[in-house]
Amino acid sequence: ALALLGPADLAGRRVVVTAGGTREPLDPVRFLGNRSSGRQGAALAAEAARRGADVRLLAASVDEVARRTATAAGVAVTDVTTTAELRDAVRAAVADADVLVMAAAVADFRPAAPATGKIKKDGGAPPTLTLVENPDILAEVAADRPHPRLVVVGFAAETGEPEEVLALGRAKARRKGADLLAVNAVGTDRGFGDVTNAITVLDADGEVVGSGAGTKAEVAATLWDLVADRLR
Ligand code: CTP
Ligand code: CA
């Protein structure tokens, strides 16, 4: 019966997955954000839970489908909004974790000084937004690990021809220092029909260690196979 449920190769492991997109306040009612639904991250969290892991999802404004995917699989969900909140939540959660998967779309920049009151039209020139760069959560954790056995995994969506995507992914893998970087080629039709996700997984040296395509759940299964290899 167990075999029918699939591998339990993550039994006893503590897994932290980030999902969704961080939002940075402009003023008390407005933010700078992105369109990430959190569904790939939720699929990753759910698949880890099915394989026996104790999973926490750090959810940055995920949609309802993503939330249900996670909770239905028994994943514990912690909601966050800004990159600073996500960073604090990641730091706290990885202290006793075996794996961190950064599937969230983290805002690269934030307004330097959010307005304390609602920004008003005053008939003058439109306001100019001054942005500052956010910390790179993935690179920080990879460089300063709470303990050496933590496996750190990143996700990168890139556009372009397959060779360009691979070159961008290789450079990013080497820059980030994560153990694995899943590179998702977006906007390319690879002839899989309805299949919308294809990942190539690179190690910290930028070498290809695996690949997979299919639904978000299938992509998640491919990634966990590779992570489970690293945990053994
Ligand atoms: N990431 C992060 N903190 C940031 C930005 C990105 O932890 N401030 C993580 C993402 O969660 C993802 C990985 O880094 O796992 C790759 O994100 P991506 O946006 O592709 O990389 P960037 O370094 O931000 O480069 P780019 O200029 O291509 O956006
Ligand atoms: Ca980015």
Side-chain angles (χ1 to χ4, degrees), residues 15-25 31-45 48 56-62 66 78-94 97 99-112 131-146 150-161 164-188 197-206 209 216 219-220 222-224 226-227 230:
V15 165
V16 178
V17 179
T18 71
T22 59
R23 294 179 174 182
E24 306 295 349
F31 61 85
L32 208 57
N34 63 72
R35 294 182 187 281
S36 177
S37 65
R39 293 182 192 186
Q40 181 64 73
L44 285 158
R56 175 158 301 276
L57 183 71
L58 304 178
S61 301
V62 304
T78 300
D79 288 294
V80 298
T81 305
T82 64
T83 300
E85 286 170 20
L86 180 63
R87 183 196 198 198
D88 289 348
V90 167
R91 286 222 160 261
V94 293
V99 185
L100 168 67
V101 180
M102 286 291 305
V106 180
D108 290 329
F109 306 101
R110 68 179 184 277
L131 303 177
V132 293
E133 195 167 333
N134 271 326
D136 188 320
I137 300 169
L138 178 68
E140 278 185 0
V141 174
D144 181 21
R145 303 188 187 218
L150 178 69
V151 175
V152 179
V153 183
F155 245 84
E158 304 285 1
T159 54
E161 295 301 314
E164 294 178 74
V165 166
L166 192 61
L168 289 167
R170 276 189 205 287
K172 194 167 282 182
R174 293 180 184 133
R175 190 166 71 234
K176 295 279 187 177
D179 300 298
L180 296 172
L181 182 73
V183 182
N184 188 2
V186 291
T188 54
N197 303 282
I199 57 163
T200 301
V201 184
L202 309 177
D203 65 15
D205 299 321
V209 294
K216 288 182 163 69
V219 164
T222 298
L223 191 67
W224 285 118
L226 294 166
V227 173
R230 302 243 152 189

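Just the heavy atoms: all of them, side chains too, but no hydrogens, waters or symmetry mates, feed the values below. Note that this is a predicted model, so its numbers are computed, not measured. Note that ligands are numbered from 1 as they come in the structure, with each ligand's atoms numbered from 1 the same way.
- Atoms CG and NZ, on L202 and K172 in that order, are 11.0 Å from each other to the nearest 0.5 Å.
- Using modelled atom types, one side-chain atom of R145 and one backbone atom of L150 make a donor-acceptor pair closer than 3.5 Å.
- One distance of note links CZ of R170 with CG of L166; it measures 4.5 Å at 0.5 Å rounding.
- If you count the protein N, O or S atoms nearer to the Ca ion (ligand 2) than 3.0 Å, you get 2.
- Rounding to the nearest 0.5 Å places CD of E158 at 11.5 Å from OG1 of T200.
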**Study point:** Criterion side chain to side chain contact (heavy atoms under 4.5 Å, CB included) on F155 and L44, from CA distance to verdict
**Key:** CA-CA 11 Å; F155 245 84; L44 285 158; 3.5 Å; yes

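- Q40 contributes a side-chain N or O that, together with a main-chain N or O of K216, makes up a donor-acceptor pair within less than 3.5 Å.
- Under the salt bridge (Lys or Arg N to Asp or Glu O under 4.0 Å) criterion, D108 pairs with no residue, sequence neighbours left out.
- D179 places no side-chain N or O within donor-acceptor distance of the main-chain N or O of V153, the cut-off being under 3.5 Å.
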Please tabulate, one line per pair, the protein nitrogen or oxygen atoms found under 3.5 angstrom from a nitrogen or oxygen of ligand 1, with distances to 0.1 Å, or say none if there are no such pairs.
| residue | atom | partner | partner atom | Å |
| --- | --- | --- | --- | --- |
| ligand 1 | 3 (N) | I137 | N | 3.1 |
| ligand 1 | 7 (O) | I137 | N | 3.4 |
| ligand 1 | 7 (O) | L138 | N | 2.8 |
| ligand 1 | 8 (N) | P135 | O | 2.8 |
| ligand 1 | 11 (O) | M102 | O | 3.4 |
| ligand 1 | 11 (O) | A104 | O | 2.8 |
| ligand 1 | 14 (O) | K176 | NZ | 3.0 |
| ligand 1 | 15 (O) | M102 | O | 2.6 |
| ligand 1 | 15 (O) | F155 | N | 2.9 |
| ligand 1 | 15 (O) | F155 | O | 3.2 |
| ligand 1 | 20 (O) | K172 | NZ | 2.6 |
| ligand 1 | 21 (O) | K172 | NZ | 3.2 |
| ligand 1 | 23 (O) | K176 | NZ | 2.8 |
| ligand 1 | 24 (O) | D108 | OD1 | 3.0 |
| ligand 1 | 25 (O) | K172 | NZ | 3.4 |
| ligand 1 | 28 (O) | K172 | NZ | 2.7 |
| ligand 1 | 29 (O) | D108 | OD2 | 3.3 |

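- Not counting sequence neighbours, E164 has no partner by the salt bridge (Lys or Arg N to Asp or Glu O under 4.0 Å) test.
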